Amino acid sequence: MESSQEAGMRIGEVAAKAGVSVRALRYYEQQDLLHSTRNPGGQRQYPAGAVERVRLIQQLYSVGLPSRTIREVLPFADSGEMSPELLELLAAERDRLDRQMTDLREVRNRLHDCITEARNQAGAGSPS
């Protein structure tokens with residue numbers, strides 16, 4: 001059950017609850033990723049669920065998805081319906097993320113090896 005406090009949240013409330021800036025919310029609106037209405041005083045009002053939507057947008061941005069792709073993914077998040085084109089797009093993005101994770105693991109392992117080697121050398125030079 002929704003609380004009346006969450007329905008019609010103002011921009012500052014959504015920003016604070018989602019952990020983003022007000023500027024980010026305005027940008028998401030410009031990119032057609034987030035929608036608001038205006039109250040009689042002209043202030044933005046966001047629907048219940050806006051905080052979760054913003055968190056999803058943040059996650060999708062954080063893995064490198066561009067706005068146009070996020071715009072295509074959000075309707076699926078809302079309805080659960082997926083077109084063959086969206087399925088293909090998501091599979092390509094998943095494959096890109098898999099490659100990126102493999103690359104990150106390789107870099108992490110190299111860093112680990114460098115750290116281990118440096119510590120071993122530092123330990124070899126110190127008196128016992």
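Computed from a prediction, not measured in an experiment: that's the story for all the values here. Along the sequence shown, the residues carry numbers beginning at 1.
The nearest pair of heavy atoms linking A24 to V20 is CB-CB, 4.2 Å. The two residues S21 and A15 have their closest heavy-atom pair at C-CB, 4.0 Å. The minimum heavy-atom distance between V51 and K17, with the atom names listed, is CG2-CB, 3.7 Å. When all heavy atoms of P47 and H35 are compared, the closest pair comes out as CD-O, 3.7 Å.
The environment of Q43 atom CD is dense: over 12 non-hydrogen atoms of other residues, nucleotides or ligands sit within 6.0 angstrom. Heavy atoms from other residues, nucleotides or ligands lying under 6.0 Å from CZ of R68 number 12 at most.
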Q | Verdict with reasoning, L90 to M82, per side-chain contact (heavy atoms from CB on, under 4.5 Å) | A | CA-CA 10 Å; L90 292 179; M82 186 176 303; 3.5 Å; yes

Q. Which is it for V22 and R26 under the side-chain contact (heavy atoms from CB on, under 4.5 Å) test, yes or no, and what are the steps along the way?
A. CA-CA 6 Å; V22 167; R26 289 186 186 122; 3.4 Å; yes

Q: Output, in order, the C-alpha distance, side-chain angles, deciding distance and verdict of side-chain contact (heavy atoms from CB on, under 4.5 Å) for R44 and R10.
A: CA-CA 6 Å; R44 286 178 169 90; R10 291 171 45 186; over 6 Å; no

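Of the residues V73, L74, L25, the one that meets the side chain to side chain contact (heavy atoms under 4.5 Å, CB included) test with I57 is L74.
Residues passing the ring-ring contact (aromatic ring centres under 6.0 Å, His included) test with F76, sequence neighbours excluded: none.
Cluster membership for L65 and M101, using ILVMFWY side-chain heavy atoms within less than 4.5 angstrom, is not shared.
Looking at E93 and T69, their side chains never bring a donor and an acceptor atom within 3.5 Å of each other. Judged by distance alone, the side chains of S67 and Y61 do bring a donor and an acceptor atom under 3.5 Å apart.
The line from CG of N39 to CD of Q45 is 4.5 Å long, rounded to the nearest 0.5 Å. With values rounded to the nearest 0.5 angstrom, D32 atom CG is found 12.5 Å from I70 atom CD1.
With hydrogens and angles disregarded, a donor-acceptor distance shorter than 3.5 Å links the side chain of R71 to the backbone of Q31.
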Pairs under 3.5 angstrom only: tabulate donor-acceptor contacts from the side chains of residues 106-118 to other protein residues two or more places apart or in another chain.
{"unit_1": "N109", "atom_1": "ND2", "unit_2": "R105", "atom_2": "O", "d": "3.3"}
{"unit_1": "T116", "atom_1": "OG1", "unit_2": "H112", "atom_2": "O", "d": "2.9"}
{"unit_1": "E117", "atom_1": "OE2", "unit_2": "Q121", "atom_2": "NE2", "d": "2.9"}

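The shortest distance between side-chain heavy atoms of Y27 and L33 does not fall below 4.5 Å. Looking at E81 and L86, their side chains never come closer than 4.5 Å, going by heavy atoms from C-beta outward.
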